[in-house]
Amino acid sequence: MKNRKIVWFTLFFALFIGGGLAINRDSGYAANQTGTVVVSSTLNVRSGAGTTYGIIDTLSNGAKVTVLQTQTGWYQISYTKADGTKATGYVSSSYVALDSPATPTPTPVPTAIPQPVVSYRTETTYQPISVAATTSKKVKVYKKAGGKYLKVSKKTVSLSKKKKVTIVGESLKKNKKWFKVKFTYKKKTRTGYLRNIYVKMKLKKKVNATIYNLKSAAKVHTKAGASAPYKKSKGKIIKVKKGSTVKIGKEKMSGKTKWYRIYFDYDGKTVNGYVSSKYVKLAKTKKTKKVKVTAMSDKDFEKYMTSQGFPDSYKVNLRILHQKYPYWQFVAYRPGINWNDAVTAECKLGVNLISNSKSAAWKSKEEGAYDAATGTWKVFDGSTWVAASKAAISYYMDPRNFINERNIFMFESLEYQSQYQVASGINTILKNTPFAGKSFNYKDLDTGASKSMTYTNAFLAAAKSSGVSPYHLASRVKQEVVTSATTTSIAVTGTNAAYPGIYNFYNIGATSSSNPALNGLKWAKSGTTYLRPWTDPYRSIVGGAQYIGTKYINRGQNTGYLQKFNLTPNERYEHQYMTNVEAAYSEAIKTKNAYAGTMDSSPLVFSIPIFENMPASACMAPQ
C-alpha cells in the first residue's frame, strides 16, 4: 500500500543504537577475539555498557576492533584511532561481527549432520483447474472461444448429451462465458471450447472460484435469477467484492443465463447465495503438504546455487549461512527486471521516504525534494519523512547487502508454518511493547458473547485464518503502531474521538495526510469485508491479517522485501505496503529475534531477488 504512515519505532531504534546494518554474535565469544564493525552510518563508542553512558567516539563501517570482555548486549573493545593511538570503550554487540578463530584443518571423516527438532516444512502449490462435468445437450465444439468450430478430418466435432468432459479453463467473449474442456474423441484426448450453459459441473464437492468481471462488487441474490430478491444482512444488501475467494456449490439456469450458488466469508461467517456465472471464475486449487527437508553437503549446495542462477556476488554470504544453518533453503527469484530500471522506478518522488534526521547523503536533492535556497528538504509524510536519495534506495534494494544472519529474514517466505512459528516466537517479538503478556476483551463472532484473549493467541488465530506468518504479523504491528514500551499510536487505543471504539493494528488504509492514522481508522470503520468494522482488537488483528494475505502474500508479494519493493507483475513498483525505505530491514530484525533458539532446527525458505545487469558488487551505504 502506497504512502503509509511510518511509525516512529524504526527511527527511535536507529538513533538509539547509533547504527544500521547489524550482525549480532554474542554466542561463541572468546577473550581478545577480533571483529569488524558493520553499520550503515556510524557506531557510537560509549564510556560504559549502556546507552545512559556518554559517547566518547564513533567508528565507521569496516573498522577493526578487539573484544576485551562482554556484558549483556555490549562489548568492551580496544581499537586504533585515526591518529594511531589505542583506545577502549563500549559498543553494542549487535553491530560487531566477530571473526572466526583459525582452527586446524581436520582429517576428513564421515560426519553425520545432527537432525533438527523440526525436519519438515509446509509447501503450498496451486493445482491447475480440473473440474469434472458433462454436456447438457448435444453440442458442437469450438476451436476457440467464440471462434470457428473444431474439426477432425474436416468434420466438425460434436459431443453427445451427457458426454464426460473436464473443464480446464474458461474465457469471456462478448459477455458470454466459454469453458475450455478436455474430452475423448475418436480414441484421442482433445481440447476445445463449449458455452458454459451447455456444460454441467459435477459438484459433489464445492469448487474454488473468484469474483471478477465487474468494477467493484457482485450483489448476492437469494435465488437464481436477476428478479430474485437480494440477500441482506442487518438491512444491507450483501455484496461480494471483486477478487474475493468463493466456492461454487450449485449451478442453476434462469432463462438463458447460468447462475451459481456461491459460498463465501461475510462478517466472520460463511454465507451463501446466487450470482450470475459471468461474475464467477474458476480458480486453481491451493494445496499444502509437508515436505521433508534434508541438509545438503557443501558440494551439493554449490551445485544447487549454480542451478538457481545465483551470481558469484551472492554466493559468498550464502555459503556462510549454509554452513551455520544447513536446513535453510535459498530460492532465486528472477523478476526479469533490469537493475537500473528498477532503481529509477523506485526513485519516483514520494515512493520511498527516510527520516530527515539522517545525514544529507541519505536524502534526495532532486527537484521537488529539496530546496537549495533554504537548504531544507520537503516533508512528504508526518512531520519529518522526506524523499530518500538514489544511493539510499540502491543500498536497501540491493539484496546482497542483507544476505546475513540478521537481515536475511526480509526474504523469508511469509506463509504460515505451524511447525516452528509458535507462541514463544511471538512473545519474543512483542517483548517491550504494550502487548507483551497482555489480554484484551472482544465479542465472539458467532455468539456475540464477551471473551478474553492474549495478543499472542490473537496473532496465532490470525495466522490460521489468513495463512500468513504470525511472526510477520506481529512484527508489522510493532513497526506500525508501537511508539514505546508502554505507548501506541491512536490507531489501536479505541479512544479516538472521531472514531471511538475502532482499531487498526496494521494501519491499513492509513494514507498520507496531516494525520494518516485517522484515514486508517476511517477505513477500519467502513465496509463489511475482512471482519470490518473493526470494533475490537480481535477483528482488527484477524481481519487485517486476512487483508494482508489476500492483497499481498497470496498475490505474489510474499516476502517483506517484495512488499516494500514490488517487483511482481501485479502493479509493479506500486501497491507497496509502506513508504519507509528501511521498513523491510527493520521488520527483518524483529523476525530474526523471534526465531531465537530455534533457527538451527527450522527449515526456513528464503526467496532472494536477482536483477538483470546488476553492479559487480553490492551498492554501498551512503557516506
Side-chain angles (χ1 to χ4, degrees), residues 116-127 208 244-245 265 268 283-293 327-329 331 333 408-430 435 445 453-480 505-506 508 530-531 537-563 568 577 584 587-588 590-599 601-607:
V117 176
V118 180
S119 57
Y120 291 85
R121 63 178 172 84
T122 301
E123 184 177 88
T124 301
T125 58
Y126 292 86
Q127 304 300 316
N208 295 323
S244 297
T245 299
D265 291 331
K284 295 180 179 180
T285 302
K286 180 179 179 180
K287 289 189 175 182
T288 58
K289 62 179 180 179
K290 286 186 177 181
V291 179
K292 188 174 182 179
V293 179
Y327 292 92
W328 285 7
Q329 181 181 354
V331 179
Y333 174 67
I408 189 71
F409 288 90
M410 68 170 65
F411 308 117
E412 182 194 7
S413 294
L414 297 178
E415 292 83 0
Y416 176 36
Q417 302 288 344
S418 61
Q419 302 98 312
Y420 48 86
Q421 291 170 347
V422 294
S424 59
I426 300 173
N427 289 336
T428 300
I429 295 175
L430 297 182
F435 310 122
L445 298 178
M453 176 181 284
T454 65
Y455 285 99
T456 295
N457 285 337
F459 284 113
L460 282 174
K464 293 175 183 177
S465 174
S466 64
V468 178
S469 161
Y471 293 1
H472 174 62
L473 297 174
S475 295
R476 176 147 290 179
V477 167
K478 192 170 181 178
Q479 172 85 5
E480 289 288 328
F505 274 75
Y506 306 101
I508 296 170
Y530 309 109
L531 306 185
Y538 181 87
R539 283 179 173 271
S540 178
I541 292 172
V542 176
Q546 293 172 356
Y547 175 91
I548 292 170
T550 300
K551 296 295 184 179
Y552 291 90
I553 311 300
N554 297 333
R555 57 175 276 155
Q557 289 176 263
N558 64 337
T559 66
Y561 181 97
L562 290 178
Q563 289 181 29
T568 73
Y577 193 83
E587 287 193 4
K590 302 184 188 80
T591 304
K592 182 260 184 185
N593 292 337
Y595 281 112
T598 64
M599 291 199 299
S601 59
S602 299
L604 305 178
V605 179
F606 301 94
S607 178

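As the structure is a computational prediction, the values presented were derived from the model and not from experiment.
L460 and P470 make their closest contact through CD2-CG, 4.4 Å (heavy atoms, listed as atom of the first residue, atom of the second, distance). Across S475 and T591, no two heavy atoms sit closer than the pair OG-OG1, 3.4 Å. Smallest separation of non-hydrogen atoms from A545 and V468: O-CG2, 4.1 Å. Residue L473 comes nearest to A462 through the heavy atom pair CD1-CB, 3.8 Å, listed as atom of the first residue, atom of the second, then distance. Closest heavy-atom contact between Q421 and S469: NE2-OG, 3.3 Å.
Checked against a 6.0 Å centroid threshold, the rings of Y471 and F459 do not count as neighbours.
Evaluation of the side chain to side chain donor-acceptor pair (under 3.5 Å) rule for T245 yields no partner, not counting sequence neighbours. Listed by chain and number, the residues in a ring pair (Phe, Tyr, Trp, His ring centres under 6.0 Å) with F435 are Y455, F505 (sequence neighbours excluded).
Within the 3.5 Å criterion, the main-chain N or O of R476 finds no donor-acceptor partner in the side chain of E480. Remark: the backbone N or O of K478 is not paired with any side-chain donor or acceptor of K590 at under 3.5 angstrom. In this structure a side-chain-to-backbone donor-acceptor pair under 3.5 Å is missing from Q546 to S466. A donor-acceptor contact shorter than 3.5 Å is absent between the side chain of S465 and the backbone of A461.
In this structure, a donor-acceptor pair under 3.5 Å is present between the side chains of T456 and N427.
Distance OG1/T550 to OH/Y530: 4.5 Å, rounded to 0.5 Å. Residue I553 holds its CD1 atom at 9.5 Å from CG of L562, rounded to the nearest 0.5 Å. To the nearest 0.5 Å, the span separating CG on N457 from OH on Y538 amounts to 10.5 Å. The CD atom of E412 sits 10.0 Å away from atom CD1 of I408, with the distance rounded to the nearest 0.5 Å. In this structure, I429 CD1 and E587 CD are separated by 9.5 Å, a value rounded to the nearest 0.5 Å.
Side-chain atoms of Q563 and H472, non-hydrogen and from C-beta on, do get closer than 4.5 Å to each other. The closest side-chain heavy-atom distance from Y547 to L531 is not below 4.5 Å.
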Yes or no on side chain to side chain contact (heavy atoms under 4.5 Å, CB included) for V477 and Y506, after CA distance, side-chain angles and deciding distance? CA-CA 5 Å; V477 167; Y506 306 101; 3.5 Å; yes
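Relative ring orientation between Y561 and F411 is described as tilted, the plane-to-plane angle lying within the 30° to 60° band.
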